[in-house]
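Before any comments, here is the structure.
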Amino acid sequence: MIANGPRSAPFVFAIDIETACAVKDCPHYGKAMCANDHSLSPWHSEITVIGVVREQDAYASGQPKVYRPEQVFRGDSDGFRHFYQHFYALTQLGGSFTAHNGKFDVLHLSQKIPHMAQMLLNFWSSDTALNAFVWTDKVPPEYLDWYADNKPKESRKAGPHSLKTLAPYLLKVPAFWEVEDKDDDEYVLKDTRYTLQLHKYLEQHMPADQLAFVTEKLLPWTKMLVEAELRGLKLDVAGLLAYRAELEKTEAELKAQLDVLWSDAHLAYQSIMMHEVHKRYELMKDTKAREPRRQVALSRVPTSVSYDSPAQMSWLLGTFYGYDIRSLEGDESTGKEVLIRLASEGKDDVATFLKWRKTQKVLTAFIPSLLALKDAKDGVHPIYNPMGARTGRLSCERPNAQQVPKELKKFFKPLKGKLIGYDQAAIEAKLIAAYTEDPALLDVIASGDSIHNVNTTAFFALDCQPSEVPELYPRQRKASKNVGFALFYHAGANRIRVAITQGGFPISLNDAKRMHKNFLAKFTTALSYAKEVVAELEGGGVIPNLLGRPIKIQNPQDAYMQGFNTLIQSSASDINLDRMHSALGALRAKGIEAYPILTVHDYAGIEVVGDDVCVRLADAVISKELTNMSLPTTNSCITLEVDGGVSDVWN
DNA sequence: TTTCTTGGCGCG
DNA sequence: AAAGCGCGCCAAGAAA
């Protein structure tokens, strides 16, 4: 079965897999569409079907093939073996493969057939979804609307980079949608065949530089992400549970305090609700049925205000206690901004509520999902999506490693080795400086100072040196830091007002306007360059970012707010991935056992397995590679710097 | 009953 | 005319 003959001309075949929920006690067990997303996770799913299609050409005798690999649903225990043999034979003939979002297929296949993992990465040569995502010539919105309107009710919506959208639009094949039962030869083969056709189409129609960015950069980075997902991290479950117990105690105490502080509000709320029930039932014609139903409704009236409900809290704080819950933007809200202001005005109940919210957030949004997502060995496998953000940044889910609170990071550990992690220092400031060559900004970078210090002197009209700010005006600096880089991206005076006020310096809008002026005067060059970028993008232009990713704003009206930010954000993100990828390559070239395990926008985390000497060497290699790039400017260049080091846990 | 939207908030 | 940008997850409430 394994071909030994001479290699034929290189060719591309397509693969596609379907998966189903394999969690026995999940209501969606066995289904392709699982509301709990089990079918999307290799640690909770089974592969039901694999489709393989190669082009029918001179050297091909290959028919489209379908494999049913797993015993659970089909009883075909030889499926994986047959798939492997076919795959191997194709690669021997000179084949490499394409897929639509191949990260999904490669991840699942690698997890189920570990000995194929390296081979899958080696022979994955094209990805139609990545290509379509990067391609600046998008499917027009009118087509997307038409497509959404004609979608059968039960099907999932097809996104702009979905095969279901791209194949009909670009290849002019009949429209098709996702089906409930994907465990079907025709369905899989249609997807696989269209993927192959789409691959050909995109190779022919995409600009060469855009295609090259995917092939040379984005695809290799994406392969690194597959490795990170497969490896994952280990949860310190005992530590996490202990911490949860602590938090639960705190939460209960805070809630008890609030219940007392607000007992009159709870009573009032209950009586209002009851009153409404009575009113509703007075209108009911059928007087015989009325009473029993009224009693049921009354018994269901909540006895207290729910602290989880923004609407109810708005009633409690705004209506009942008469607090001014208008945000600085002018609209009513129970968000942090308002609460911090009220607390600083001496409202102790609000201060307690703020603490409760913070505790509640960690207790509900993070800890339970981490415990639910862990695999049998306490492993968690954050899944990255290189197409998840318009800017080219990664998004991340199940769990989202990008939003783990600082306090929980220490419960994430590398599987076996040490975690060597580094942040890119001030990458956003450096990129703005490199792009705009603003003298003031270049100065800040060259002197190793922070933009926040300069902002502080500008905002508060201080006459000290920026470097003296942390020493002399720490509180002002903290407030200024709240503004961050927003002003480079067209934030206004009101944003300054909110940020500085939140930082403990209540200021008027006029104060903020003066601060804004000071800022604009300080960085005129940067801002005028940003303006040029915006003008180009507003005209529908394409600008390559620092790594060659083509940047285009689909809706030109958005270019004013998004344009410059997109250029900077995408560059920062791409630099981080590029450096991390390079670090990994350098480690492996030295024979060091290393795994990519974390990436968070400007942070790269690599697990290294080995003795102390090995880890020290790895640390040197990593910090060298992560900074092994300079941002060129006309007269000099800006070097990268990183903060971090070796640790047993994240952080 | 399920699905979608909103407000809120964690992170960069 | 005025506007920081980019995500995912949770609970409540509305819509279906």
Side-chain angles (χ1 to χ4, degrees), chain A residues 27-28 33 35 37 153-154 156-157 302 305-315 325 327 329-340 353-354 356-370 372-373 382-409 423-424 426-428 432 482-496 498-499 509 516 519 527 530 534 551 553 557-573 576 598-604 650-651:
Chain A
H28 306 92
M33 292 184 188
D37 286 338
K153 266 194 229 81
E154 65 281 5
R156 220 182 304 177
K157 202 158 64 186
V305 173
S306 165
Y307 302 151
D308 274 323
S309 162
Q312 293 179 39
M313 284 313 295
S314 175
W315 173 86
I325 58 167
S327 71
E329 269 88 11
D331 28 40
E332 292 203 336
S333 150
T334 65
K336 223 177 181 178
E337 179 207 322
V338 169
L339 299 187
I340 286 176
F353 181 56
L354 262 171
W356 178 85
R357 269 228 177 125
K358 166 89 184 141
T359 313
Q360 182 72 355
K361 178 84 177 175
V362 178
L363 228 31
T364 60
F366 298 108
I367 295 177
S369 77
L370 289 175
L373 287 165
I383 301 297
Y384 296 94
N385 183 358
M387 298 170 285
R390 185 186 51 73
T391 54
R393 260 195 183 181
L394 303 178
S395 71
C396 179
E397 57 182 2
R398 288 177 289 118
N400 182 350
Q402 297 171 337
Q403 63 176 167
V404 174
K406 285 192 180 85
E407 59 194 287
L408 292 187
K409 285 185 178 171
D423 266 312
Q424 284 290 347
I427 186 70
E428 203 171 348
I432 298 176
N482 284 345
V483 180
F485 294 90
L487 299 183
F488 288 107
Y489 308 129
H490 293 134
N494 206 42
R495 165 59 51 176
I496 297 183
V498 173
L509 188 55
H516 194 202
F519 175 88
L527 294 159
V534 167
I551 301 300
I553 303 297
Q557 290 111 281
D558 296 332
Y560 182 71
M561 292 312 289
Q562 297 174 349
F564 190 57
N565 178 269
T566 302
L567 189 62
I568 301 300
Q569 197 184 97
S570 72
S571 296
S573 168
N576 187 50
L598 273 170
T599 159
V600 184
H601 306 309
D602 60 357
Y603 169 86
W650 189 8
N651 222 11

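None of these values were measured; they are calculated from a predicted model. Below, all heavy atoms of this structure are taken into account, side chains as well, without hydrogens, waters or symmetry copies. The sequence lines fix the lettering, A, B, ..., with proteins before strands; numbering per chain opens at 1.
In this structure, Trp315(A) CH2 and Thr334(A) OG1 are separated by 14.0 Å, a value rounded to the nearest 0.5 Å. With rounding to the nearest 0.5 Å, the separation of CG in Leu373(A) from CD in Glu397(A) is 10.0 Å.
Base engagement by Tyr560(A) is indicated by at least one non-hydrogen atom pair under 4.0 Å involving a base atom. In this structure, Gln569(A) reaches the bases: a heavy-atom distance under 4.0 Å links it to at least one base atom across the strands shown. Looking at heavy-atom distances under 4.0 Å, Thr566(A) makes no contact with the nucleic acid at all. Counting any heavy atom pair closer than 4.0 Å across all strands shown, Val404(A) reaches sugar-phosphate atoms only and no base atom. Using a 4.0 Å heavy-atom cutoff across all strands shown, Thr334(A) reaches sugar-phosphate atoms only and no base atom.
For dG8(B), one of the phosphate oxygens OP1 or OP2 lies less than 4.0 angstrom from a side-chain nitrogen or oxygen of Ser333(A). Contact annotation: Gln424(A) does not reach the phosphate of dG12(B) (side-chain N/O to OP1 or OP2, under 4.0 Å). In this model, the phosphate group of dG7(B) is not approached by any side-chain N or O of Ser309(A) to a distance below 4.0 Å at OP1 or OP2. Side-chain N/O atoms of Thr391(A) include none lying less than 4.0 angstrom from OP1 or OP2 on dG6(C). Taking side-chain N and O atoms only, Gln562(A) has a distance below 4.0 Å to OP1 or OP2 of dG6(C).
To the nearest angstrom, C1' of dC5(C) lies 13 Å from CG of Leu487(A). In this structure, CG of Leu370(A) is placed 16 Å from P of dG10(B), rounded to the nearest angstrom. Lys358(A) places its NZ atom 16 Å from the P atom of dC10(C), with the value rounded to the nearest Å. Per the geometry, CE belonging to Met313(A) stands 17 Å off P belonging to dG7(B), to the nearest Å. Between the CG atom of Asn651(A) and the P atom of dG10(B) there is a distance of 17 Å, given to the nearest Å. Rounded to whole angstrom, the span from the CE atom of Met387(A) across to the C1' atom of dC7(C) amounts to 15 Å. Atom pair Glu407(A):CD and dG10(B):P shows a separation of 9 Å (rounding to whole Å applied). Summarising the geometry, the separation between CG on Asp558(A) and C1' on dG4(C) is reported as 14 Å, rounded to the nearest angstrom.
Summarising the geometry of Leu598(A) relative to Tyr384(A), their closest heavy-atom pair is CA-OH, 3.6 Å, with the distance given to 0.1 Å.
With dG12(B), dG8(C), dG4(C) as the choices, the nucleotide that has an atom nearest any side-chain atom of Asn565(A) turns out to be dG4(C). Taking every side-chain heavy atom of Pro405(A) into account, dC11(B) is the closest of dC5(C), dC11(B), dA3(C). Taking the side chain of His601(A) as heavy atoms from C-beta on, and the options dG12(B), dG10(B), dC7(C), the nearest nucleotide is dG12(B). Taking the side chain of Lys361(A) as heavy atoms from C-beta on, and the options dG8(C), dA12(C), dG4(C), the nearest nucleotide is dG8(C). Residue Arg357(A) has its side chain nearest to dG8(B) when only dG4(C), dG8(B), dC9(C) are considered. When distances are taken from the side chain of Lys336(A) to each of dC7(C), dG10(B), dC10(C), the shortest belongs to dG10(B). Distance from the side chain of Asn400(A) is smallest to dG10(B) among dG10(B), dG7(B), dA3(C). Listed nucleotides dG8(B), dG4(C), dC5(C) differ in distance to Ala486(A); the shortest reach to its side chain belongs to dG4(C).
Using a distance-only test at 3.5 Å, with no hydrogens or angles considered, no donor-acceptor pair links the side chain of Ser573(A) to the main chain of Gln569(A).
Nucleotides of DNA chain C nearest to Asn385(A) and Glu329(A) differ in position, and the one nearer the 5' end is that of Glu329(A).
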- Could you walk me through whether Val498(A) and Glu329(A) pass side chain to side chain contact (heavy atoms under 4.5 Å, CB included), step by step? CA-CA 8 Å; Val498(A) 173; Glu329(A) 269 88 11; 4.1 Å; yes
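Between the side chain of Arg393(A) and the base of dG12(B), a donor-acceptor pair under 3.5 Å is found.
Nucleotide dC11(B) forms a pair with dG6(C), judged by Watson-Crick or G-U wobble geometry with both contacts under 3.5 Å.
Between Phe353(A) and Tyr307(A), the angle of the ring planes goes over 60°, which puts this pair in the perpendicular group of the 30/60° scheme. The aromatic rings of Phe519(A) and Phe488(A) sit perpendicular, their planes meeting at an angle over 60°, well past the 30° parallel limit.
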